[in-house]
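Working notes, beginning with the structure itself.
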Amino acid sequence: MMDKNAKIYVAGHRGMVGSAIVRELERQGYRNIITRTHKELDLCRQDAVEAFFAAEKPEYVFLAAAKVGGIVANDEAQADFMYDNMILEMNVIHAAWQNGCKKLEFLGSSCIYPRLAPQPMPESCLLTSALEKTNEAYALAKISGLKYCEYLNRQYGTDYISVMPTNLYGPNDNYHPTHSHVLPALIRRFHEAKEQNLPYVTCWGDGSPLREFLYVDDLANLCVFLMNHYSGNETVNAGTGKELTIKELTELVAKVVGYTGEIRWDPTKPNGTPRKLLDVSKATALGWTYKTELEEGIRLTYQDFLNNPMRAER
C-alpha cells in the first residue's frame, strides 16, 4: 500500500488519463503528488528525465504520458507515434529503475492485442497474431513498454506493473476534428451540427464495429487500486466487459447532445478493428469493477466539453 505521504509522480498529468489519476489520488488523500508540464520536462529527452528522477526520487510512478490520437492520426504518422512513445516510456521506466522507484504502473492500450484476437480478449492473447495495421506503430511501442517492465521484474526484481485500458472518454478529452478518438469526435461533430442546424451528419465506416468504453475516472480508480493491490508480470485489462456497435454509440451521443437530424454513413472510410472487447475477469477477481454507465458518462463528458470550449481547439 502506498503511504499517504509517499512521493508520487504522475507523468502526463495534463492529459485525460493523467489528470484523472491526480484527481483520484487527491480524492483518496494522497498529499505528495509531483507533476511536470511538457515545457518543464520533455520526457523524450533522456538527459532531462534522468536529471529529474535523480533530483526528485519519486517512490511511485504512474506513467500516463503518451502521444495519442484516433485512426487518422495513427495511420498518417506511424513513425512519429512509434518513436515518441517508445523513447518517452523507455526514458521514464529506465530512470525510475535507476533511482530506486518502489513501484511503477505503465498505462497501455487495448490496441496491443491482435486484430483478430479471441473475444473477449484475455491478457494472455498478447503477441499471438497480427496487429491492426492502422495503429500498429502505437501498439508496438506500448507492447515494448509493458515488456520492458516485465523484463526488469524478471532480471532485477522490480515491482513494475501495467494496465491496458479499453477505449476511454471523459473530462479533459481531446475534441480535435481529425486527431481525436471516436467518442469525443462524435460529441464535437453533433454539437456543431446542432448549433448550425445541419440536416444530417456523415460518419465514417458502416457503423458495424463493436466497441467498449470506460469512463476515465473509473480507470483512475482502478489504477490506484492496482498500485496498492496488484503485483505481477502480466498486464491487467481495464474495461466494463460491455460493448455496443459504433452505430449504437453514434445514436446515443446524438441523443445526449440533442441532435435530431439524420445520421449518414460513408462506407468508403475505414472501420478499424471489427471488434474490441476486453476480458475483465482478472480485475473483477482482484475485487474491482467499473461504476459509470455509458450514457451517464457521455452526459458528464459533454458537460465538460461545454464548460471548456477551448478544448475543442486542440
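Computation of the quantities below employed the complete heavy-atom set of this structure, encompassing side-chain atoms and omitting hydrogens, waters and symmetry-equivalent molecules. Just so it is clear, the model here is predicted, and its values are computed rather than measured.
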Verify side chain to side chain donor-acceptor pair (under 3.5 Å) between N233 and N153, making sure each step is shown before the conclusion.
CA-CA 7 Å; N233 290 325; N153 290 346; 3.0 Å; yes

In plain terms, say whether E295 and K255 are close enough for a salt bridge, that is, a side-chain N and a carboxylate O under 4.0 Å apart.
yes

Going by heavy atoms in the side chains, are L63 and L88 under 4.5 Å from each other?
yes

Between F305 and H191, how do the two ring planes meet: parallel, tilted or perpendicular, split at 30° and 60°?
perpendicular

Mind telling me whether F190 and Y259 have parallel, tilted or perpendicular rings, with 30° and 60° as the class edges?
tilted

Hey, are Y290 and K242 close enough side-chain-wise for a donor-acceptor pair under 3.5 Å?
yes

Between Y175 and R188, is there a cation-pi geometry (under 6.0 Å to ring centre, at most 45° from the normal)?
no

Using distance alone, with no hydrogens and no angle criterion, decide if K57 and N99 have a side-chain donor and acceptor under 3.5 Å apart.
yes

May I ask you to check whether N307 and Q303 show a side-chain donor-acceptor distance below 3.5 Å?
yes

Working to the nearest 0.5 Å, report the span between CD of E24 and OH of Y30.
9.5 Å

Taking the side chain as C-beta and beyond, is there a heavy-atom pair between V17 and L168 under 4.5 Å?
yes

Do Y9 and F52 have their ring centres less than 6.0 Å from each other?
yes

Answer yes when K102 and D159 have at least one side-chain N-carboxylate O distance shorter than 4.0 Å, and no when they do not.
no

